[in-house]
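Working notes, beginning with the structure itself.
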Amino acid sequence: LTVHDYVGFTTFFGYDIARDLPLTVVRSWHVQISVLWIATCWIAASIYLIPYINPKEPPGQLVRINILFWMLVTVVAGTVVGTWMGPLGLLGDNWRLLGHQGWEFVELGRLWQVLLFAALIVWSYIVYRGVRPVLRAAQPFSLPSWILYASTAITILFLSSFVAQPTTNFVVADFWRWMVVHMWAECFFEVFTTVIVGYFLVYMGLVGREAATRIVFFAVLLFCGSGLLGISHNFYWNAKPEATLAIGSVFSTMQVVPLV
């Protein structure tokens with residue numbers, strides 16, 4: 001639907017789909033459902049791994065996991081419905097709270113945004129409770145420690161999505177919006193991905209634990225180093241110098257190297 005709208009081909013058998021599903025809506029669905037789907041998959045992967053890391057399940061862990069599940073379901077449902085109703089003017093003055101905030105990658109309504117942040121806090125706590133007994137005997141940069149560091153960093157960095165307000169200076173708001181994309185999604189979620197994949201490879205007997213730990217440590221340096229500089233390739237919209245854009249473009253391209 002998004003592609004059809006871009007090329008101006010939205011009418012089928014005399015009915016214009018863009019009337020009920022305008023580009024703003026389908027584009028927002030495309031972005032938000034993708035991000036939430038990927039995030040939920042990795043959250044589920046970490047919860048799946050916890051019994052392998054620590055076979056003894058903490059009391060009440062299942063209840064917290066079920067609460068997290070329904071929080072995520074509510075976020076997704078609220079986002080899908082809200083980002084449709086908001087642009088169509090069906091929410092009145094509540095368009096920003098329940099509907100569409102108007103910032104790419106941070107389209108979801110503020111209520112669903114707060115609920116997603118709360119879900120990330122619950123997730124981090126579940127991970128902490130699951131790996132806590134192992135941390136006491138583990139090294140600070142062992143795999144169990146990395147999974148906790150990554151989940152905590154993801155939760156904290158999501159706070160950058162709350163900076164943009166309707167009255168916020170565009171340059172300030174856009175900078176922090178790109179922090180959500182590059183440092184939250186493309187940096188620390190990639191760190192988390194590396195940790196999870198490393199764990200899977202260890203448990204499948206394909207690599208040793210020490211080798212996986214060294215790879216994760218090296219990947220973190222590359223992700224964070226390239227991510228901090230790579231974010232600046234988006235600063236065209238903030239009227240930054242050409243040299244800044246060039247440096248950002250190079251390091252943003254290099255950001256996928258650790259995944260390979």
Please tell me if the side chains of [X] and [Y] come closer than 4.5 Å, counting only heavy atoms from C-beta onward.
| X | Y | value |
| --- | --- | --- |
| Leu148 | Ser151 | yes |
| Trp84 | Trp29 | yes |
| Arg110 | Gln165 | yes |
| Tyr199 | Arg209 | yes |
| Leu98 | Met85 | no |
| Trp42 | Ile154 | no |
| Ile38 | Cys41 | no |
| Trp70 | Val73 | yes |

Search all heavy atoms of [X] against all heavy atoms of [Y] and return the closest pair with its distance.
| X | Y | value |
| --- | --- | --- |
| Ala164 | Thr168 | C-OG1, 3.8 Å |
| Leu135 | Ser145 | CD2-OG, 3.6 Å |
| Thr213 | Ser142 | CG2-CA, 4.2 Å |
| Gly130 | Pro133 | O-CD, 3.9 Å |
| Ser46 | Val127 | OG-CG2, 4.2 Å |
| Val202 | Ala212 | CG2-CB, 3.7 Å |

ring-ring contact (aromatic ring centres under 6.0 Å, His included), paired with Trp123, selected from Phe158, Phe117, Phe192 |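 Filter result, single survivor: Phe192.
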
Mind running side-chain contact (heavy atoms from CB on, under 4.5 Å) on Val180 and Trp103 for me, showing each step along the way?
-> CA-CA 11 Å; Val180 177; Trp103 295 99; over 6 Å; no

Any link between [X] and [Y] through a network of hydrophobic side chains (Ile, Leu, Val, Met, Phe, Trp, Tyr) touching at under 4.5 Å?
| X | Y | answer |
| --- | --- | --- |
| Trp95 | Leu111 | no |
| Ile147 | Met204 | yes |
| Val31 | Val76 | yes |
| Tyr128 | Ile121 | yes |
| Val195 | Ile156 | no |

Looking at [atom1] of [X] and [atom2] of [Y], how far apart are the two atoms once the value is rounded to the nearest 0.5 Å?
| X | Y | atom1 | atom2 | value |
| --- | --- | --- | --- | --- |
| Ile50 | Ile53 | CD1 | CD1 | 6.5 Å |
| Thr79 | Leu116 | OG1 | CG | 7.5 Å |
| Ile67 | Leu72 | CD1 | CG | 12.0 Å |
| Arg129 | Ile65 | CZ | CD1 | 9.5 Å |
| Thr40 | Phe69 | OG1 | CZ | 9.5 Å |
| Trp112 | Thr83 | CH2 | OG1 | 11.0 Å |

Is the [atom1] atom of [X] crowded by more than 12 outside heavy atoms at less than 6.0 Å?
| X | atom1 | value |
| --- | --- | --- |
| Tyr203 | OH | yes |
| Tyr52 | OH | no |
| Tyr149 | OH | yes |

Give a yes or no answer on whether the side chain of [X] reaches the backbone of [Y] with a donor-acceptor pair at less than 3.5 Å.
| X | Y | value |
| --- | --- | --- |
| Gln101 | Leu108 | yes |
| Arg177 | Glu104 | yes |
| Gln113 | Ser161 | yes |

Determine, stepwise, if the pair Thr155 / Ser124 fulfils side chain to side chain donor-acceptor pair (under 3.5 Å).
-> CA-CA 7 Å; Thr155 302; Ser124 297; 2.7 Å; yes

Side chain to side chain donor-acceptor pair (under 3.5 Å) between His100 and Thr24, intermediate numbers included = CA-CA 9 Å; His100 197 298; Thr24 302; over 6 Å; no

Parallel, tilted or perpendicular for Phe141 and Phe217, by the 30°/60° rule?
->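 Phe141 vs Phe217 ring planes: perpendicular.
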
Does the pair Arg27/Glu107 count as a salt bridge with the N-to-O cut at 4.0 Å?
->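 Here Arg27 does not pair with Glu107 in a salt bridge, since their nearest N and O are not under 4.0 Å apart.
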
